[in-house]
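Every chain is numbered from 1 and lettered A, B, ... according to where its sequence line falls, protein lines coming before strand lines. Source: prediction; values computed, not measured.
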Number of protein chains: 2
Amino acid sequence: MIAELKITPLRYVLAVVDHGGFHAASRYLHRTQPALSMAIRELEGRLGEALFEKGTKATLTPYGSYCLPRFRELINQHDRLSRELQARAAREAGQLDMAVVPSVASRLMPKLLSEFVSRYPGIKVGLHDGNADFVREQVISGQVDIGLSSLWGSDEELQFQPLFHDEVGVVCRDDHPLAGRTSLMWQELQGESLIGNGTSRLLQGTAAESLLEMHDLYISNMISLTATLVAGMGVTTLPRLAFPQEYERLRFIELADPSVSREVGLIRRKGYSLSPAAQAMTDFIIESLGASGIPLQ
Amino acid sequence: MIAELKITPLRYVLAVVDHGGFHAASRYLHRTQPALSMAIRELEGRLGEALFEKGTKATLTPYGSYCLPRFRELINQHDRLSRELQARAAREAGQLDMAVVPSVASRLMPKLLSEFVSRYPGIKVGLHDGNADFVREQVISGQVDIGLSSLWGSDEELQFQPLFHDEVGVVCRDDHPLAGRTSLMWQELQGESLIGNGTSRLLQGTAAESLLEMHDLYISNMISLTATLVAGMGVTTLPRLAFPQEYERLRFIELADPSVSREVGLIRRKGYSLSPAAQAMTDFIIESLGASGIPLQ
DNA sequence: ACTTATGATAAGTTTTTCTTACCATCAAAC
DNA sequence: GTTTGATGGTAAGAAAAACTTATCATAAGT
């Protein structure tokens, strides 16, 4: 038979000792003195030994003296835990990991993260980037709490919350014949040296699908792709967010017909709720991107 | 505001997880299922975050998964403490120190202790021996829990529980003229070479008091005293318990007139209660010595 | 479709905890 | 020496908490 030591009576014992009496302790605890007497007597009954001497003064027995620091220790452990768990629930502490596609990582996350950490100083964020399949995999396996990417088709295991549309356009060097245009139709790309990349599958199922067959070159790595474009070896299609602004010689021209876009949104496991920290990030992202509409300049 | 996490609802959470559901857990805990539902819901309210998913299955949320091992840890600490304190109260564990005079240490304690440790296998005993003043000092200062000695006069700080009378007699070598006697009167010691020792003050206030003035020699150390007696350099007075039986050539002769004795008993601090272990020892000693009457053979 | 699980909810009961009111004891103050 | 103001303990009833019974809605198994 193991006695259930409730935390409250232990606190009463500490208070009586610390304040030197039942009355003083009762004032401190906002309880009446008999409440303490009875609770402590109850505790003594459970333990099978008196904690306080019978006399008029509130003096500990040797057994009580032995118990006191142990009570204090248990209470401290309790309070520490309670505080920690409450802090997590209140988003004042915690940890979250998210997986995002590179375009989001480089164009969206810097500003988002800096605002997030200043709003939630206690939360630690882990950011992992990779292509859409990587993001999907990480979310499904539970390696990360949430993902930021686009999803093709519906997924049984995932829940997708759309955030914004990212229009696909053509990227070429500034001396290319099409470079000065603000928009164009897919037919105008006939005969161009078109380079495929990881986002090319966005064209599948659109009027521009036949462009996919024109690929002489397929480059998945973004650095290689841009270097190739800068070298003037061809053009490619990219969502606007994935267009690397930092290259002066590259131009982005909207694809007006057909209008092709990917839908970027939050990805999470279906049927699972989020950790408080991940929920905070989710709410924060929806609030940030939802309010400002299109997130890019 | 720090939330008070009661131990019982934490146990409920563990049971639900361990048994894979509220119903299974309720059977295990001998509670009804709504009791668990409500208690856990209450706990979730305190923490400010759900522990279980809302769906039909009893699945932990990520927050719940985070909490679970911490709940388990707190409960383990609680149980360990509860068990330990109860074991002490039940005298199944603990520690006690006692101070005794050398005669008690060598003649009484060996048997007493061996019986005590077999009766209370969990209790550790520390035995410290010294003269009556040492015992008194150790008890008053709280260095030891109890003392076994005789007390002269009443002491404000000490409580004395008499156990038995220890008669004073004369000790001499087997070739001494008095050696064959079974009892004698103090006058018969006139002219003898009387050696004083730590117990000589027992004669104070008795008819034999004048013997104290006859001391040519005073030897406090027992080994030295016996060596001197064995050397035939004189006689001394000792309580029977202090008479060292292991010396073949020494004889103990009762002092019939006046009959002088010391009262040996338990000494403890007045107004303080004993630790469970010390109480066990006290009870044991009273039971052992009280029943058998005179403890010596 | 029917049965049998699951957990949630509502109302009422039991148990626990606390307060009010009072008592006994002790110590310092008048 | 009595009085006063502390101390803590006790008893009865009120308030709060925990639990049970009864019932429901929903999902999964047959």
Side-chain angles (χ1 to χ4, degrees), chain A residues 1 3-47 49-61 64 75 78 82 156-157 270-273, chain B residues 1 3-47 49-61 63-64 68 71 75 78 82 156 270-273:
Chain A
M1 252 301 293
E4 191 76 35
L5 307 180
K6 303 198 198 80
I7 299 291
T8 311
L10 302 190
R11 260 188 231 285
Y12 290 175
V13 173
L14 294 202
V16 168
V17 172
D18 291 347
H19 294 80
F22 284 67
H23 278 93
S26 75
R27 259 170 270 129
Y28 168 75
L29 292 163
H30 304 297
R31 289 283 121 86
T32 56
Q33 167 264 315
L36 307 199
S37 286
M38 295 167 91
I40 291 177
R41 162 176 305 265
E42 217 279 330
L43 173 61
E44 289 177 334
R46 264 163 213 261
L47 291 170
E49 189 81 20
L51 295 166
F52 289 96
E53 296 287 358
K54 296 293 163 216
T56 171
K57 283 272 168 290
T59 326
L60 286 169
T61 60
I75 287 174
H78 164 276
S82 175
E156 265 310 297
E157 305 188 61
K270 197 173 277 180
Y272 288 83
S273 60
Chain B
M1 250 302 292
E4 192 76 35
L5 307 179
K6 302 197 198 82
I7 299 289
T8 312
L10 302 190
R11 260 187 232 285
Y12 290 175
V13 173
L14 295 203
V16 168
V17 172
D18 291 347
H19 294 80
F22 284 67
H23 278 92
S26 74
R27 258 170 271 130
Y28 169 74
L29 293 164
H30 305 296
R31 290 283 120 87
T32 56
Q33 166 263 315
L36 307 200
S37 286
M38 295 165 91
I40 291 177
R41 163 176 303 267
E42 217 279 330
L43 173 61
E44 290 177 335
R46 264 163 212 259
L47 290 170
E49 189 81 20
L51 296 166
F52 289 96
E53 296 286 359
K54 295 295 162 214
T56 170
K57 283 271 168 289
T59 326
L60 285 169
T61 60
Y63 182 69
L68 193 71
F71 288 170
I75 287 173
H78 164 277
S82 175
E156 263 310 297
K270 197 172 274 181
Y272 287 82
S273 59

* Quick one: how far along DNA chain C does chain A reach, first to last nucleotide 5' to 3', anything under 4.0 Å to a heavy atom? ->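 It runs C:dT17 to C:dA21.
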* By a strict heavy-atom criterion of less than 4.0 Å, which residues belonging to residues 5-17 of chain A are in contact with DNA chain D? ->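 Residues of residues 5-17 of chain A under 4.0 Å from DNA chain D: none.
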* Asked: Hey, can you pull the residues of residues 31-41 of chain B with a non-hydrogen atom under 4.0 angstrom from DNA chain D?
  ->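 Hits under 4.0 Å, by residue number: B:R31, B:T32, B:P34, B:A35, B:M38.
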Nearest heavy-atom neighbours spanning [X] and [Y]:
| X | Y | value |
| --- | --- | --- |
| B:Y12 | B:A35 | CE1-O, 4.4 Å |
| A:V16 | A:A58 | CG1-CB, 4.0 Å |
| A:A15 | A:Y28 | CB-CD2, 4.2 Å |
| B:A3 | A:S82 | O-OG, 2.8 Å |
| A:H78 | A:I7 | CD2-CG1, 4.0 Å |
| B:T61 | B:A50 | OG1-O, 2.9 Å |

* **side-chain hydrogen bond (donor to acceptor under 3.5 Å, both in side chains) partners of B:R27, counting only residues at least two apart** =>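 Listed in chain order: nothing, the list is empty.
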* Axis-to-axis angle between the two ends of the helix from C:dA1-D:dT30 to C:dC30-D:dG1 (five base pairs per end, rounded to 10 degrees) ->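 About 10° separates the two local helix axes.
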* Using a cut-off of 4.0 Å between protein heavy atoms and nucleotide atoms, how would you tag nucleotides 24-30 of chain D 5' to 3' with B, S and -? -> ---S---
Indicate yes or no: at least one non-hydrogen side-chain atom of [X] is less than 4.5 angstrom from one of [Y].
| X | Y | answer |
| --- | --- | --- |
| A:V13 | A:L36 | no |
| B:L68 | B:L51 | no |
| A:E44 | A:F52 | yes |
| B:S37 | B:Q33 | yes |

* Asked: To the nearest angstrom, how far is A:H23 atom NE2 from D:dG5 atom C1'?
  ->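 From A:H23 NE2 to D:dG5 C1': 11 Å.
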* Asked: What is the distance, rounded to the nearest whole Å, between atom CZ of A:F22 and atom P of D:dG8?
  ->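 The answer, rounded to whole Å, is 6 Å.
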* Could you walk me through whether A:L43 and A:L47 pass side-chain contact (heavy atoms from CB on, under 4.5 Å), step by step? => CA-CA 6 Å; A:L43 173 61; A:L47 291 170; 4.1 Å; yes
* **A:K57 NZ to A:T59 OG1 distance, which is reported to the nearest 0.5 Å** =>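 The NZ atom of A:K57 sits 8.0 Å away from the OG1 atom of A:T59.
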* **Pair A:E53-B:S273, side-chain donor/acceptor within less than 3.5 Å** =>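 Distance-only check passes for A:E53 and B:S273.
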* To do: Given salt bridge (charged side-chain N to carboxylate O under 4.0 Å, His left out), test A:E4 with A:R46 step by step and report yes or no.
  => CA-CA 8 Å; A:E4 191 76 35; A:R46 264 163 213 261; over 6 Å; no
